[in-house]
Amino acid sequence: MTRACKRKSDELQSDIFLSDDGATTFLLTQCDSGLHVEFKQRKDARCKIEHHFLFSNNIDFNIFIDQSPLRFDFPQIFLKMKRVSSEVFAEE
């Protein structure tokens with residue numbers, strides 16, 4: 001969790017999605033600032049990529065995810081992440 005992503009409540013509302021091989025992980029956490037997305041990908045034993053994104057609205061999240069290769073590489077995760085985002089921002 002980044003400093004910009006403060007807890008929405010005592011209990012963080014998070015969803016985690018894993019690729020079938022376990023090499024790619026997406027963690028979506030609802031917070032006061034919006035939706036924090038953590039992306040981790042293990043290329044091999046020595047190389048790991050990690051990105052963090054913070055979205056304050058569903059429009060920005062959809063622009064990001066619709067242009068991501070995630071749509072083709074992990075179509076089921078793509079759909080689940082869009083659903084979670086819609087639910088998070090619908091509560092506002």
Side-chain angles (χ1 to χ4, degrees):
M1 183 167 53
T2 65
R3 290 189 73 190
C5 189
K6 296 179 182 170
R7 291 178 182 223
K8 193 157 186 83
S9 66
D10 288 339
E11 226 178 270
L12 286 177
Q13 298 175 352
S14 298
D15 291 278
I16 189 164
F17 304 103
L18 301 169
S19 62
D20 290 338
D21 62 1
T24 305
T25 305
F26 299 91
L27 177 67
L28 280 65
T29 304
Q30 183 178 358
C31 58
D32 288 340
S33 303
L35 183 64
H36 177 252
V37 177
E38 181 179 325
F39 164 73
K40 294 181 182 179
Q41 189 171 36
R42 188 180 67 248
K43 295 289 189 182
D44 58 37
R46 295 175 288 152
C47 180
K48 181 173 108 173
I49 299 169
E50 185 170 330
H51 297 283
H52 294 260
F53 305 94
L54 183 60
F55 298 96
S56 59
N57 60 64
N58 202 33
I59 293 169
D60 290 341
F61 177 82
N62 282 325
I63 289 170
F64 162 77
I65 200 160
D66 287 342
Q67 296 176 1
S68 167
L70 171 68
R71 170 183 225 155
F72 304 104
D73 297 341
F74 307 105
Q76 294 297 333
I77 293 175
F78 169 81
L79 294 172
K80 290 176 184 178
M81 288 176 66
K82 286 191 70 113
R83 187 194 79 241
V84 168
S85 172
S86 295
E87 291 171 0
V88 166
F89 291 113
E91 294 176 4
E92 296 182 346

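Residue numbers count from 1 along this sequence.
Leu35 CG to Gln30 CD: the interatomic distance, rounded to the nearest 0.5 Å, is 7.5 Å. How far NZ of Lys40 is from NZ of Lys48: 4.5 Å, rounded to the nearest 0.5 Å. To the nearest 0.5 Å, atoms CG (Asp15) and NZ (Lys80) are separated by 10.0 Å.
The minimum heavy-atom distance between Leu18 and Ile77, with the atom names listed, is O-CD1, 3.5 Å. Heavy-atom minimum distance, Phe61 versus Ser85: CD2-OG, 3.1 Å. Annotation for Gly34 and Val88: closest pair O-CG1, 4.3 Å, computed over non-hydrogen atoms. Here the closest non-hydrogen pair linking Phe74 and Ser19 is CE2-CB, 3.3 Å.
For Leu27, the side chain to side chain contact (heavy atoms under 4.5 Å, CB included) partners are Ser14, Ile16, Thr29, Glu38, not counting sequence neighbours. A search for side-chain hydrogen bond (donor to acceptor under 3.5 Å, both in side chains) contacts involving Arg42 returns nothing, not counting sequence neighbours. The side chain to side chain contact (heavy atoms under 4.5 Å, CB included) check on Phe64 picks up Phe53, Phe55, with sequence neighbours excluded. The ring-ring contact (aromatic ring centres under 6.0 Å, His included) search around Phe26 returns Phe39, not counting sequence neighbours. Residues meeting the side chain to side chain contact (heavy atoms under 4.5 Å, CB included) test with Asp44, sequence neighbours left out: Arg46, Cys47. With sequence neighbours left out, Gln76 forms a side-chain hydrogen bond (donor to acceptor under 3.5 Å, both in side chains) with no residue at all.
Here Phe72 sits alone; no ILVMFWY side chain lies under 4.5 Å from its own, so it joins no hydrophobic cluster.
Within the structure, side chain to side chain donor-acceptor pair (under 3.5 Å) contacts touching residues 63-75 (residues at least two apart or in different chains) are Asp66-Lys82.
Put simply, Leu79 and Leu28 are part of the same group of oily side chains (I, L, V, M, F, W, Y) that touch within less than 4.5 Å, one to the next.
Remark: Asp21 CG is packed, more than 12 non-hydrogen atoms of other residues, nucleotides or ligands lying under 6.0 Å away.
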